[in-house]
Structures are given as structure tokens and as C-alpha cells.
Amino acid sequence: MQRGTTITPSEDTPDAAWAAAMRMLGRRELSTAQVRERLARRGGTETAIEPAIARLAASGALDDARVARACARTRAGLKHQGRDRVLREIQALGVAREVARAAVDEVFGALNESDLLDAALDKRLRARMVLSDPAVQRRLYAALVRQGFDAHAVGRAIRERVRGGG
């Protein structure tokens, strides 16, 4: 069974589902819900998928907490997204709320959220933007709140930049 192919009834076994899932996981980390959904989309039945999921979880190949931590590190560190946005993104992967919250708390506990907000603000500011313009401030504020930063912290950071001549 190649990538993108369907699972035929003769291949609809826990071993075939496990092998397909291992190929998926070899390319990138996926949550349990993502693997389950992708196997079902390829034509796998619940009787083949569930034992494969259990086997993957028991071996450690499938770990929602690890996926959540990796996603949180990437979203916060590389994409400069705030706590709320990162939490929503992890939950969208099908990770349980408690697991997602624990991963976000762990990752953001090691970060200075003020520095993360400053980096996101720097990334949003363009060379010819006039930060003293209220319309520019509103757009920056809205963009940073959508990125998951606390509204009060965003307002404070923008006010500090305006006072500092930024």
C-alpha cells in the first residue's frame, strides 16, 4: 500500500493499518485523532484501526502529549504565537484539552511571554509604518490578539512602543 492509496478490504487488517500509520508517523508527528481520521479516510474500518492505534500508543510511536509539546514549541518559538492561539491550534489537532493545556503551560512556562510579544510586534511592524497613527495601532492590536496574545499585554506593548518613539 503506497502513500495516498486506499485500504482494500483484503488489506483491512490491524497489521496493515499499523504499517500505514507507521509510514504516516515516519513523515511527521501526528495526534491519535489525526492518525485515526487518515486511516479511516483511506478505507480502514474501526476493527482494523483501533487495534493499530492501541499498538502504536503502547509502543510510544503515538503520543498526544509529545505532539502537543512539539506543536506548542513550534507555534510559540518560530511563529511567535500567543498562549491562547497555541492552545486552540493544538486542540484543533484532536488533542484532549487537558493534554493541550499541560503542554502549553510547560512550553510557555519556559518562555518570557513579554519577549515573545515583542518579537511578534517587531515582525508585524514594517519599515514605513507610523506607529503613532491610531489606525496602525488598531490593526497591530487586532493582529496580535488574533495571534493569541493577551489583549491587555498587547495594548500595553503598543503604548510603550508609541511612547518610546518605536
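Quick note: residue numbers are just sequence positions, from 1.
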So which atom in [X] and which in [Y] form the shortest heavy-atom distance, rounded to 0.1 Å?
X: M24; Y: L30; answer: CB-CD1, 3.8 Å
X: V107; Y: R69; answer: CG2-O, 3.9 Å
X: R83; Y: V104; answer: CG-CG1, 3.6 Å
X: D118; Y: R161; answer: O-NH2, 3.5 Å
X: R124; Y: L144; answer: CG-CD2, 4.3 Å
X: D12; Y: A48; answer: OD1-CB, 3.1 Å

Does [X] reach the side chain of [Y], with side-chain heavy atoms less than 4.5 Å apart?
X: P134; Y: R138; result: yes
X: E29; Y: D63; result: no
X: V67; Y: V99; result: no

- Check step by step if side chain to side chain contact (heavy atoms under 4.5 Å, CB included) holds for Q147 and K123. CA-CA 12 Å; Q147 274 187 256; K123 188 176 176 183; over 6 Å; no

- Could you walk me through whether R101 and E98 pass side chain to side chain contact (heavy atoms under 4.5 Å, CB included), step by step? CA-CA 5 Å; R101 184 165 300 284; E98 310 80 50; 5.9 Å; no

So how far is it from [X] [atom1] to [Y] [atom2], rounded to the nearest 0.5 Å?
X: I158; Y: R139; atom1: CD1; atom2: CZ; answer: 11.5 Å
X: K79; Y: R85; atom1: NZ; atom2: CZ; answer: 8.5 Å
X: E89; Y: T74; atom1: CD; atom2: OG1; answer: 11.5 Å
X: Q91; Y: C71; atom1: CD; atom2: SG; answer: 11.0 Å
X: L25; Y: W18; atom1: CG; atom2: CH2; answer: 10.5 Å
X: I90; Y: R75; atom1: CD1; atom2: CZ; answer: 9.0 Å

Main chain of [Y], side chain of [X]: is a donor-acceptor contact present, judged purely on distance under 3.5 Å?
X: S31; Y: L93; value: yes
X: D64; Y: A96; value: no
X: R66; Y: A61; value: yes

- Message: Go through it in stages, so that I can follow the logic: the residues are L117 and D150, the test is side chain to side chain contact (heavy atoms under 4.5 Å, CB included), and I'd like the CA-CA distance, side-chain angles, deciding distance and then a yes or no.
- Response: CA-CA 9 Å; L117 175 57; D150 177 68; over 6 Å; no

- Query: Crowded around E46 CD? As in, over 12 foreign heavy atoms under 6.0 Å?
  - Reply: no

- Taking only Lys NZ, Arg NE, NH1 and NH2, and the carboxylate oxygens of Asp or Glu, determine whether R36 and E50 approach each other closer than 4.0 Å.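 Yes.
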
- Query: Taking it one step at a time, do L78 and R73 satisfy side chain to side chain contact (heavy atoms under 4.5 Å, CB included)?
  - Reply: CA-CA 8 Å; L78 297 178; R73 280 191 300 271; over 6 Å; no

